[in-house]
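Data first, discussion second: the structure below is written as structure tokens.
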2 protein chains.
Amino acid sequence: MTITQLQYVLAVAEHRNFTLAAEKSFVTQPTLSMQVQKLEDELDILIFDRSKKPISITDVGQKIVAQAKNIVAEAERIKDIVDQDKGFIGGDYVLGIIPTVMPTLLPMFLNTFIIKYPKVNLIIKEQSTQSLIKNILDGHLDAGIAATPLEIEFIKERPLYYEPFMGYVPNNHRLAPKEELDTEDLDVSDILLLQDGHCFRDGVINLCQAPANLRDEKFQIESGSFETLVSLADEGMGMTLLPYLNTLEIDTHKRELLKPFVKPTPAREISLIYHKSELKIQITEALKEVISGIVRGAIAFQDVKIISPISKN
Amino acid sequence: MTITQLQYVLAVAEHRNFTLAAEKSFVTQPTLSMQVQKLEDELDILIFDRSKKPISITDVGQKIVAQAKNIVAEAERIKDIVDQDKGFIGGDYVLGIIPTVMPTLLPMFLNTFIIKYPKVNLIIKEQSTQSLIKNILDGHLDAGIAATPLEIEFIKERPLYYEPFMGYVPNNHRLAPKEELDTEDLDVSDILLLQDGHCFRDGVINLCQAPANLRDEKFQIESGSFETLVSLADEGMGMTLLPYLNTLEIDTHKRELLKPFVKPTPAREISLIYHKSELKIQITEALKEVISGIVRGAIAFQDVKIISPISKN
DNA sequence: TTTTTTAATAGATTTTGACTATTATTGTGA
DNA sequence: TCACAATAATAGTCAAAATCTATTAAAAAA
């Protein structure tokens with residue numbers, strides 16, 4: 001049994017296809033097939049059932065795959081130990097970011113980070129919180145940036161900053177006269193929401209203390225971008241809520257439509273999340289330090305009330 | 001990096017000697033040396049400091065060795081998973097037993113076990129509790145039989161039976177007239193003890209609620225076998241305490257000198273102990289079942305009071 | 001210093017891992 | 001149902017590797 005064989009098994013288990021698994025492992029299909037067979041011979045069991053297509057994993061196979069994941073992950077950590085000892089910060093690092101954070105946060109830290117840690121090859125992927133969690137758990141992401149608390153087993157959360165909700169209230173809106181918004185005043189039926197799947201949407205719904213199921217509302221206009229929501233609000237379709245960082249880029253003449261909340265300001269908690277096994281922890285720490293350092297200057301709110309990003313149904 | 005390389009590193013780390021490590025790994029010294037070097041080259045660090053003899057392990061090396069232990073242990077468990085799936089109970093199994101249990105318990109279960117599980121190659125080693133713990137922790141023993149509770153981190157305890165203490169009181173002794181012994185009556189100064197290192201000795205001392213440090217007693221006669229203690233008692237050197245199973249083989253005419261304790265009878269708890277990682281758990285379970293089944297018939301005491309086998313200093 | 005112990009190096013041999021080319025099998029769509 | 005596409009297994013070859021024996025180098029012990 002070799003680590004390579006276990007890696008091949010993992011690739012096949014993941015793609016359910018020897019040819020594709022071989023490609024992803026950068027070897028030819030026969031090479032991978034033979035190594036998997038060799039392991040199966042050595043253990044004298046079948047890991048994969050090839051009698052049907054797509055191939056399936058046998059019962060023992062499932063257990064072996066689970067254990068192989070352990071072993072391969074633990075083996076990768078050897079490299080990590082050495083890097084840490086050398087003080088080396090480098091290599092590929094795949095970071096997932098939720099869409100509502102991506103455009104505002106990424107430009108703030110990206111340049112600083114790649115200058116400070118030139119040997120890290122940072123690969124950024126925009127993904128929903130759900131994908132983020134899945135990919136962190138199965139090792140396809142080294143870390144993610146998402147709204148928290150999520151409280152997922154095996155995932156650690158390290159808060160980066162607290163970002164208040166801001167109201168964008170057009171002049172014709174009933175709340176327009178108010179200087180500051182109060183949670184009590186909100187009515188989810190006249191608030192423009194992001195599309196389903198965005199955790200900021202769920203945050204807003206939680207903030208309004210409304211039932212998550214809005215199917216039976218009189219009208220529904222939902223978009224994937226805050227820009228659209230602001231435009232729709234300008235058209236008199238209702239008000240909307242924005243994360244603080246997104247309000248910084250709004251045109252000066254529309255600025256007056258922005259209204260803060262009364263304290264304690266409802267806010268979302270944005271955290272760096274990563275697998276509790278702490279692979280590549282030095283890079284994760286470096287990333288956290290860079291982002292924290294930058295954000296500390298940009299957002300310094302106290303007296304916030306964290307709104308859960310999780311849909312209640 | 002291969003599992004083999006990691007195993008070689010572990011062998012060197014354990015023996016602090018490449019030649020010996022190679023022997024234990026059943027390869028030649030250059031083979032092992034080269035593989036270790038190859039790993040060091042790949043990681044671009046030194047695991048071992050060969051500038052002095054005996055060789056020492058570098059700081060990074062320590063961490064790598066620790067991680068390598070993980071990996072190798074996890075890798076071995078793959079074989080385990082397969083065996084479990086096949087319902088196969090076999091292979092080498094190294095069991096350590098404390099000296100005061102060995103001669104009485106081993107004959108009771110050994111034959112039954114090797115007949116029931118002919119594919120298991122049971123290797124029995126007589127060792128003190130301290131060695132048992134050490135060897136279970138570093139993987140040289142698959143399990144041990146010892147007096148408990150020990151409450152050691154990473155070690156699981158599965159009680160097998162409770163074995164009462166019995167008094168062996170010669171006729172000239174002050175306690176000879178009594179039918180049943182009471183803990184209160186005991187005086188550690190006239191009780192013949194096993195040598196230092198035996199946990200039964202510590203149990204007796206705890207039972208007498210005496211300080212563990214007995215250096216300043218007027219006389220000390222200590223032996224490694226209960227036979228000697230009984231002979232000494234017969235010579236009028238004092239009384240002694242025996243585990244119940246050891247009293248079964250005493251000559252009929254000396255039987256009358258044996259005295260039980262009043263209930264709750266002080267007893268030692270004998271357990272199967274093993275690493276919590278549960279390697280070879282199927283064999284461990286099989287062993288536990290065989291021993292429990294046999295002992296259930298031989299020792300059926302209720303109302304016992306467990307005496308700690310641990311010295312208090 | 002000489003001897004012994006122990007690790008590294010050199011060179012030969014075997015084993016293994018990977019490749020290309022091809023065959024066998026399953027699944028799908030005409 | 002048959003042919004074609006997709007996919008895995010097999011065969012044969014080659015290069016890389018792991019291992020071996022023999023020897024050298026270096027450190028520790030006598």
Side-chain angles (χ1 to χ4, degrees), chain A residues 1-58 60-62 64-65 68 71-72 75-76 78-79, chain B residues 1-58 60-62 64-65 68 71-72 75-76 78-79:
Chain A
M1 178 170 58
T2 67
I3 293 172
T4 310
Q5 286 171 351
L6 296 177
Q7 285 169 326
Y8 291 168
V9 166
L10 289 186
V12 176
E14 185 173 350
H15 300 105
R16 311 273 160 144
N17 176 322
F18 279 69
T19 312
L20 185 58
E23 248 174 59
K24 299 284 178 181
S25 305
F26 306 106
V27 290
T28 58
Q29 170 262 315
T31 297
L32 182 135
S33 280
M34 290 195 69
Q35 288 306 317
V36 172
Q37 279 180 52
K38 239 178 90 176
L39 182 60
E40 287 179 325
D41 285 352
E42 181 186 333
L43 300 176
D44 195 31
I45 42 110
L46 281 179
I47 298 173
F48 301 106
D49 176 3
R50 296 126 161 119
S51 69
K52 292 202 185 76
K53 281 167 193 178
I55 56 160
S56 60
I57 309 182
T58 62
V60 218
Q62 293 284 7
I64 290 176
V65 166
I71 297 171
V72 170
E76 275 173 12
I78 290 248
K79 187 86 185 59
Chain B
M1 178 170 58
T2 66
I3 294 172
T4 310
Q5 286 171 351
L6 296 177
Q7 286 169 327
Y8 290 168
V9 166
L10 290 185
V12 176
E14 184 174 349
H15 300 105
R16 311 273 160 143
N17 176 320
F18 278 70
T19 312
L20 185 56
E23 246 173 63
K24 298 283 179 181
S25 305
F26 306 104
V27 291
T28 58
Q29 170 263 314
T31 297
L32 183 137
S33 280
M34 291 195 70
Q35 288 307 316
V36 172
Q37 279 180 53
K38 240 178 91 174
L39 182 61
E40 287 178 327
D41 286 352
E42 181 186 332
L43 300 175
D44 196 30
I45 42 108
L46 280 180
I47 299 174
F48 301 105
D49 177 1
R50 298 129 162 113
S51 70
K52 292 205 184 75
K53 282 169 192 174
I55 56 161
S56 61
I57 309 182
T58 63
V60 219
Q62 295 283 7
I64 291 176
V65 166
I71 298 170
V72 170
E76 275 174 13
I78 292 244
K79 187 84 184 56

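Sequence lines set the chain letters: A, B, ... in the order given, protein chains first and strands last, and positions in each chain run from 1.
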On the nucleotide [N], are OP1 or OP2 found under 4.0 Å from the side-chain N or O atoms that [X] carries?
| X | N | answer |
| --- | --- | --- |
| B/Lys38 | D/dA18 | yes |
| A/Thr19 | D/dA6 | no |
| A/Asn17 | D/dA8 | yes |

Identify, with sequence neighbours excluded, every residue that meets side chain to side chain donor-acceptor pair (under 3.5 Å) alongside [X].
| X | result |
| --- | --- |
| B/Thr31 | B/Thr28 |
| A/Glu40 | A/Arg50 |
| A/Lys79 | A/Asp83 |

Interface polar pairs with nucleotides 26-30 of chain D, N/O, under 3.5 angstrom:
from   : atom 1 : to      : atom 2 : distance (Å)
D/dA28 : OP1    : B/Lys53 : N      : 2.9

Rounded distance in Å - [atom1] ([X]) to [atom2] ([N]):
| X | N | atom1 | atom2 | result |
| --- | --- | --- | --- | --- |
| A/Ile55 | D/dT7 | CD1 | P | 11 Å |
| B/Glu42 | D/dA17 | CD | P | 11 Å |
| B/Glu40 | C/dA8 | CD | C1' | 12 Å |
| A/Asp49 | C/dT25 | CG | C1' | 14 Å |

Going by the side-chain hydrogen bond (donor to acceptor under 3.5 Å, both in side chains) test, which pairs reach into residues 12-23 of chain A, not counting sequence neighbours?
A/Glu14-A/His140

B/Asp49 side chain reached by B/Ile57 side chain, heavy atoms, under 4.5 Å
no

Quick check: do A/Ile45 and A/Thr58 have side-chain heavy atoms less than 4.5 Å from each other?
no

Between B/Arg16 and A/Gln5, whichever has its closest DNA chain C nucleotide further toward 5' is B/Arg16

Going from CD1 on B/Ile64 to CG on B/Leu6, what distance comes out if it is rounded to the nearest 0.5 angstrom?
9.0 Å

Taking only residues two or more places apart in sequence, or in another chain, which ones meet B/Asp41 in a salt bridge (charged side-chain N to carboxylate O under 4.0 Å, His left out)?
none

Within residues 23-36 of chain A, the residues having a heavy atom closer than 4.0 Å to DNA chain C are A/Val27, A/Thr28, A/Pro30, A/Thr31, A/Gln35

Answer with base, sugar-phosphate or nothing: what part of the nucleic acid does B/Phe48 contact at a heavy-atom distance below 4.0 Å?
nothing

Looking at the side chain of A/Gln37, which of C/dA7, D/dA9, C/dA18 is the nearest nucleotide?
D/dA9

Donor-acceptor pairs under 3.5 Å, side chain of residues 32-39 of chain B to any protein atom, not counting sequence neighbours: which ones?
from    : atom 1 : to      : atom 2 : distance (Å)
B/Ser33 : OG     : B/Gln29 : O      : 3.3
B/Ser33 : OG     : B/Gln29 : NE2    : 3.1
B/Gln35 : OE1    : B/Gln5  : NE2    : 3.1

